[in-house]
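Worksheet for the structure shown next.
Predicted model, so just to flag it, every value in this text is computed and none were measured.
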Amino acid sequence: MRVKVPRLRWETFVPPFYWGCTYVLRGALWLVTRWEVRGREHVPLEGGLIVVSNHLNNADPPIVGAGVARRRIRWMAKVELFRYPFGVIPRLWGAFPVRRFEADLGAMLNAERILRQGGVLGMFPEGTRSRTGYLGRPHPGTALIALRTGAPVLPCAVTGTERLRNPLVLLRRPRFSVTIGEPIRVAAVRRPSEEQVSALTERIFEAIRALLPPEYVAPYTGSDSGGSPGGHDGRDYPGE
């Protein structure tokens with residue numbers, strides 16, 4: 001009689017890989033940077049949750065995850081990152097792909113499933129890394145998912161990671177910070193209206209902006225334009 005061997009799936013390896021990488025990263029950040037986390041007491045310990053943040057560098061997802069620490073975050077990441085062979089890493093880390101700036105129904109349903117099962121979803125409402133260092137205007141996808149599921153939104157702000165475009169900066173122990181704000185409570189709406197989505201999108205933007213130092217918020221309009229903190233010249237970061 002043949003014994004049927006259970007087939008291993010990606011999900012089998014995701015939790016140990018995620019937590020192993022997270023704690024190794026936390027140790028590395030303490031050693032090679034001046035890393036500070038504020039507001040970790042605001043992280044709910046159970047239930048569906050959407051973690052949102054500004055976005056400065058490809059290193060932001062693991063750094064925000066190391067800052068939140070108490071919950072495993074499933075990040076929604078651009079589909080280009082999942083190409084082999086390097087696409088193995090985001091898969092093992094528990095991220096899932098999304099076609100940016102499109103109505104990606106599959107990604108939205110996957111996000112809602114994670115939240116309804118009590119998991120944590122990570123999103124960058126700007127949709128891409130800031131090319132200037134300033135906080136850009138958010139897209140409505142985050143607010144739509146929050147309203148459809150009733151999941152609270154946890155605003156975060158990351159600073160300093162824009163300097164990582166030059167890895168040699170680590171020799172000077174740069175200062176990084178992750179600031180975590182109070183959750184935005186959201187009532188579930190079966191069919192959110194455009195006005196409801198727009199209002200929550202603005203609340204999310206204002207919550208992230210309130211956590212950032214003034215130099216990360218563009219003058220006049222708050223849009224993703226103009227100069228940048230740390231003297232960035234407005235060109236794309238490496239790998240953009």
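With sequence neighbours left out, the side chain to side chain contact (heavy atoms under 4.5 Å, CB included) criterion links F82 to A77, P90, R91, A95, P97. With sequence neighbours excluded, the residues forming a side chain to side chain contact (heavy atoms under 4.5 Å, CB included) with R116 are E112, T149, listed by chain and number. The side chain to side chain contact (heavy atoms under 4.5 Å, CB included) test applied to A59 returns N57, I63, L164, not counting sequence neighbours. Applying the side chain to side chain contact (heavy atoms under 4.5 Å, CB included) test to I208 and every residue at least two apart in sequence or in another chain returns V52, N54, P125, L135, P155, I204, L212. Among residues two or more places apart in sequence or in another chain, the ring-ring contact (aromatic ring centres under 6.0 Å, His included) test is passed with Y18 by W93.
Shown here for T22 and A66, the closest heavy-atom pair between the two residues is CG2-CA, 3.9 Å.
Among pairs with a residue in residues 109-131, those fulfilling ring-ring contact (aromatic ring centres under 6.0 Å, His included) read H55-F124, W75-F124, at least two apart in sequence or across chains. Applying the salt bridge (Lys or Arg N to Asp or Glu O under 4.0 Å) test to every pair with at least one member in residues 47-59, sequence neighbours left out, gives no pairs at all. For residues 171-186, there are no salt bridge (Lys or Arg N to Asp or Glu O under 4.0 Å) pairs, not counting sequence neighbours. For residues 23-41, the salt bridge (Lys or Arg N to Asp or Glu O under 4.0 Å) pairs, not counting sequence neighbours, are E36-R38. Applying the salt bridge (Lys or Arg N to Asp or Glu O under 4.0 Å) rule to pairs touching residues 56-77 yields nothing, sequence neighbours excluded.
Residues near V79 contribute nothing to a hydrophobic cluster around it, because no ILVMFWY side-chain heavy atom sits closer than 4.5 Å to its side chain. Side-chain contacts under 4.5 Å among hydrophobic residues (ILVMFWY), followed directly or transitively, place L105 together with L109.
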